[in-house]
Trainee: 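I have a structure I would like to understand better, so I am pasting it below and will then ask my questions one at a time.
Values in this document were obtained by computation on a predicted structure and should not be read as measured data.
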Amino acid sequence: MSIRTRFAPSPTGLLHIGNARAALFNFLFARHHGGKFLLRIEDTDRERSTQQAVDVIFAGLEWMGITPDEEPVFQSTRADRHREVALELLERGLAYKCYCTPEELAQMREDATKNGLPPRYNGLWRDRDPAEAPAGAPFAVRIKAPREGETVINDLVQGEVRVANAEMDDMIILRSDGTPTYQHAVVVDDHDMAITHVIRGDDHLTNTFRQAMIYRAMGWDLPRFGHLPLIHGPDGAKLSKRHGAQSVVEFRDQGYLPEALCNYLLRLGWGHGDAEILSREEQIHLFDIDGVGRAPSRMDYAKLEHINAVWLRQADDTRLTDDVMERLKAVDGVEVDETTRARVLALMPGLKDRARTLVELTDNAAFLGRRVPLPFNAKAEKLLTPEARTLLSELARDLAVVSPFTAENIDAALRRFAEAGGHKLGSVAQPLRAAVTGSNSSPGIDATLHALGRDEVLARIGAVLHG
């Protein structure tokens, strides 16, 4: 059997982090088994579905490196096929026309609730003669649910799950306006796309029992189902805005690398021993659905930051520079030009070692694009005492003759200056750092001066001395 999985989001909002994890698990499962991963956009809710949401889904998956193996399927284009299957079930007597009015259905729900029963359809038209319906009355098509026995799903994550058939009603598969319902369209699409494994959130588990009715009525083989536990907030409650970022776009904007987010999501509910940092190749090699636990996972934003910092340190300097330069466009007082870019690229090895996110990385790199006079933070201001300014004036003369102006030569010059004046190296480096960065923190002072270049270093020191 050639394994085929799918990710089937509804384009009615953002690409939630739980959906993104489901997409990742489907993708890795298919790749691990040499199968195919497909994408279906479930856009049958025309009122709530938007092109913007479709674009967000595509962009999010592309950013995460999750690419389908075939062209995406749009569910809305398949309505004729959904109707065809519903009418076939009707013709074969496995479904029937229901002429209930909205008022009658509301009364059924009310009566059931009064009697302590689930508010559902009571089968009024299941065995009734359609000739009793008013002429020309609209009708929905309902599938005939089995009334005896039970439906059993051998779930790949949850294990064996059972539901008594008496608990299920005759659900609508075709509305009175001729449009298919979600439950029906999903089954027809998964069958026609030859999906072998449906891996999705366990909030869909009840849907699976209802969808199984359609598979069995049509005589189709059921796919294997795997229902993933949901992701909760750190406090165990349903993930919400108060916990932090929820969508893939938010995580991207907050400065997380896609490989770090994917790495974290993989470890959220699945594990392989003590392995924490896994490349995409390692993920594909190791991942299988039997490693997914049944308990809900909790978001740990500190853990995500730690993983992101690891991936930042491993990331290509040019790639990080490109991202930082793009983010610097939104920072006031920073010139985003080739001079700044060259400085950021030169200092990137030191910058990325000190950052946990791309936002932090950008903040730490901003001084490289500022022009004199620099803004100073409070700690930097405190370092620039009258004594420090005198020291900087003397130091500037030594730095002016360092040639070539390399990190190695700068380090040697600073050490000579400190030794000759009886200073500790730190008491020289700290006011110098404050003068040229506006901060009390930066990568190594020799690398920082080298990235800025001699002329800029002397200009920044001069601005402090004469400002």
Trainee: Please list, chain by chain and in numerical order, all residues satisfying side-chain contact (heavy atoms from CB on, under 4.5 Å) with Ala30, sequence neighbours excluded.
Mentor: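 With sequence neighbours excluded, Ala30 shows a side-chain contact (heavy atoms from CB on, under 4.5 Å) to Thr5, Phe37, given in chain and number order.
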Trainee: Quick test of your reading of the model: are Asp190 and Arg40 salt-bridged, counting only N-O distances below 4.0 Å?
Mentor: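 A salt bridge links Asp190 with Arg40.
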Trainee: Give me the ring orientation class for Phe25 and Phe287: parallel if the planes are under 30° apart, tilted from 30 to 60°, perpendicular past 60°.
Mentor: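 Geometry flag for Phe287 against Phe25: tilted rings.
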Trainee: Working to the nearest 0.5 Å, report the span between CG of Leu358 and CG of Asn308.
Mentor: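 If I round to the nearest 0.5 Å, the distance is 6.5 Å.
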Trainee: Less than 4.5 Å apart, side chain to side chain, heavy atoms only: is that true for His227 and Asp203?
Mentor: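 No; the side chains remain at least 4.5 Å from each other.
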Trainee: Answer yes when Asp337 and Arg371 have at least one side-chain N-carboxylate O distance shorter than 4.0 Å, and no when they do not.
Mentor: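 Salt bridge present between Asp337 and Arg371.
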Trainee: Going by atom types alone, do His16 and Asn19 pair a side-chain donor with an acceptor below 3.5 Å?
Mentor: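 On atom types as modelled, these side chains do not qualify, holding no pair under 3.5 Å.
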Trainee: Less than 3.5 Å apart, any donor N or O on the side chain of Thr208 or Arg200 sitting next to an acceptor on the other?
Mentor: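 Yes, because at least one side-chain N or O of Thr208 sits under 3.5 Å from a partner of the opposite role on Arg200.
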Trainee: Is the shortest heavy-atom distance from the side chain of Leu312 to the side chain of Glu360 under 4.5 Å?
Mentor: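 Leu312 does not reach Glu360 side chain to side chain.
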Trainee: What I want to find out is whether Lys352 reaches Asp316 closely enough, with some N-O distance under 4.0 Å, to be called a salt bridge.
Mentor: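 Salt bridge flag = no for Asp316 with Lys352.
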Trainee: Taking the side chain as every heavy atom from C-beta outward, state whether Val54 and Ile57 have any pair of such atoms under 4.5 Å apart.
Mentor: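 Of all side-chain heavy-atom pairs linking Ile57 with Val54, none is under 4.5 Å.
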Trainee: Checking His272 against Glu282: is there a side-chain donor and acceptor pair closer than 3.5 Å?
Mentor: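 Side-chain D/A pair, Glu282 to His272: absent.
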Trainee: Judged by atom type as modelled, is there a donor-acceptor pair below 3.5 Å linking the side chain of Asp446 to the main-chain atoms of Ile410?
Mentor: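 Flag not set: sc Asp446 to bb Ile410 has no pair under 3.5 Å.
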Trainee: With a 3.5 Å cut-off and no angle check, do the side chains of Glu259 and Asn263 form a donor-acceptor pair?
Mentor: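 On atom types as modelled, these side chains do not qualify, holding no pair under 3.5 Å.
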Trainee: Less than 4.0 angstrom from a charged side-chain N to a carboxylate O is my criterion; do Arg319 and Asp322 meet it?
Mentor: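 No, no charged N to carboxylate O under 4.0 Å.
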Trainee: So, are Glu276 and Lys303 salt-bridged, with charged N and O less than 4.0 Å apart?
Mentor: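 Yes, this pair counts.
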Trainee: Test of understanding: with salt bridge (charged side-chain N to carboxylate O under 4.0 Å, His left out), list the residues that count as partners of Asp274, not counting sequence neighbours.
Mentor: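 Once residues adjacent in sequence are excluded, Asp274 has no partner under the salt bridge (charged side-chain N to carboxylate O under 4.0 Å, His left out) criterion.
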Trainee: So, Asn207 and Gln183: side-chain donor and acceptor under 3.5 Å apart, yes or no?
Mentor: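 Checked: Asn207/Gln183 side chains pair up, N/O donor to acceptor below 3.5 Å.
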Trainee: Are Asn26 and His197 linked by a side-chain donor-acceptor pair shorter than 3.5 Å?
Mentor: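 Side-chain D/A pair, Asn26 to His197: absent.
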Trainee: Taking salt bridge (charged side-chain N to carboxylate O under 4.0 Å, His left out) as the test, write out the residues that go with Arg433, two or more places apart.
Mentor: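 Arg433 satisfies salt bridge (charged side-chain N to carboxylate O under 4.0 Å, His left out) with no residue once adjacent residues are dropped.
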Trainee: Using the side-chain hydrogen bond (donor to acceptor under 3.5 Å, both in side chains) rule, collect all pairs that involve residues 213-226, keeping only residues at least two apart or in two chains.
Mentor: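 Checked against side-chain hydrogen bond (donor to acceptor under 3.5 Å, both in side chains) - neighbours excluded - the pairs reaching residues 213-226 are His191-Trp220.
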Trainee: Identify every side-chain donor-acceptor pair in residues 90-100 under 3.5 Å, counting partners at least two apart or on other chains, and give the distances.
Mentor:
| from | atom 1 | to | atom 2 | distance (Å) |
| --- | --- | --- | --- | --- |
| Arg92 | NH1 | Glu88 | OE2 | 3.2 |
| Arg92 | NH2 | Ala217 | O | 3.1 |
| Tyr96 | OH | Asp170 | OD2 | 2.7 |

Trainee: Establish, from distance only, whether the side-chain atoms of His450 and Asn409 form a donor-acceptor pair under 3.5 Å.
Mentor: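 Short answer, no.
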Trainee: When rounded to the nearest 0.5 angstrom, what is the spacing between CD1 in Ile143 and CD in Gln211?
Mentor: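 Going from the CD1 atom of Ile143 to the CD atom of Gln211 covers 11.0 Å.
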Trainee: Return each pair, listed once, that meets side-chain hydrogen bond (donor to acceptor under 3.5 Å, both in side chains) where at least one residue sits in residues 156-167; pairs must be two or more places apart or across chains.
Mentor: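 Output for this query lists Glu150-Arg162, Thr151-Asn165, Glu160-Arg162.
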